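Right, one structure below, let's go through it.
Along the sequence shown, residues are numbered consecutively beginning with 1. Atoms within each ligand, like the ligands themselves, are counted from 1 in listed order. Source: prediction; values computed, not measured.
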Amino acid sequence: MRIDIITVVPDLLKSPFEASIMQRSIEKGLVEVHFHNLRDYSSNNYKQVDDYQFGGGAGMVLMIEPIDKCISQLKSERNYDDVVYMTPDGETLNQGMANSISLQKNIIILCGHYKGVDQRVRDQFITKEISIGDYVLSGGELGALILCDAIIRLIPGVLGNETSALTDSFQDNLLAPPIYTRPAQYKDWDVPEILLSGHTAKIEAWREEKAFEHTNNRRPDLLDD
Ligand code: ADE
């Protein structure tokens with residue numbers, strides 16, 4: 001998968017791709033991530049990419065021209081499955097969306113900044129608008145990182161068997177059951193006996209029951225779907 005991220009603050013984005021699972025996915029050649037600094041597409045001597053909004057009002061707006069130039073350049077080089085815009089009024093990211101985006105070959109992610117982008121960008125270029133939750137961030141960059149993390153770990157080969165994404169919370173609309181590791185006894189807090197029993201089928205049934213219980217307690221809305 002190739003991900004092109006368009007931003008006015010590329011420095012905010014780089015380090016998460018230089019550690020852990022996202023780094024390994026790149027090293028294994030399963031993912032390519034390219035950063036595009038919007039200022040490099042400004043035709044203005046001051047590298048200006050934003051301006052005041054028509055009609056008045058607080059906050060600067062990212063202009064259409066540099067975004068058009070950047071997206072058009074990328075699209076002239078390859079086909080993209082989606083051009084995603086990170087915005088608090090987008091569709092809220094969930095595991096189902098992450099699953100479907102992880103199957104794509106090439107995507108562009110545009111990060112808003114300041115007040116957002118000129119509406120014509122959204123009308124002309126954007127195919128998917130994604131929010132990471134009902135709160136407003138200073139820009140789309142942190143949201144883009146969350147989206148990248150959520151999709152990259154689902155790409156076949158990125159996680160080994162031992163960390164398979166198939167057992168994650170939300171993957172089957174259930175929260176994950178409790179997990180334990182050594183020691184089996186710590187102070188007087190014991191690991192549930194069943195997990196030490198070696199009975200694979202019984203352990204699986206226990207996990208399913210606990211996942212259901214936990215989901216019912218914490219996120220009953222997931223069971224309605
Ligand atoms: N940009 C600002 N706030 C955001 C949010 N909640 N989700 C995605 N992008 C954003």
Q: Check Ile152, Ile101, Val158, Leu154 against Met1 for a side-chain contact (heavy atoms from CB on, under 4.5 Å) and give me the one that passes.
A: Ile101
Q) Considering all heavy atoms of both residues, which atom of Pro178 and which atom of Lys210 are nearest to each other, and what is their separation? A) CD-CB, 3.7 Å
Q.
Restricting to non-hydrogen atoms, name the atom on Gly116 and the atom on Tyr85 that form the minimum distance, rounded to 0.1 Å.
A. CA-OH, 3.6 Å
(Q) Which label fits His36 and Tyr41: parallel for a plane angle under 30°, tilted from 30 to 60°, or perpendicular past 60°? (A) perpendicular
Exercise answer, ligand 1 polar atom pairs (N/O) under 3.5 angstrom:
{"unit_1": "ligand 1", "atom_1": "3 (N)", "unit_2": "Leu137", "atom_2": "N", "d": "3.0"}
{"unit_1": "ligand 1", "atom_1": "6 (N)", "unit_2": "Gly133", "atom_2": "O", "d": "3.1"}
{"unit_1": "ligand 1", "atom_1": "6 (N)", "unit_2": "Tyr135", "atom_2": "O", "d": "2.7"}
{"unit_1": "ligand 1", "atom_1": "7 (N)", "unit_2": "Ile132", "atom_2": "N", "d": "3.0"}
{"unit_1": "ligand 1", "atom_1": "9 (N)", "unit_2": "Thr87", "atom_2": "N", "d": "3.2"}

Q: Identify, with sequence neighbours excluded, every residue that meets salt bridge (Lys or Arg N to Asp or Glu O under 4.0 Å) alongside Arg120.
A: Asp118
Q) Does some side-chain heavy atom of Thr87 sit less than 4.5 Å from a side-chain heavy atom of Arg122? A) yes
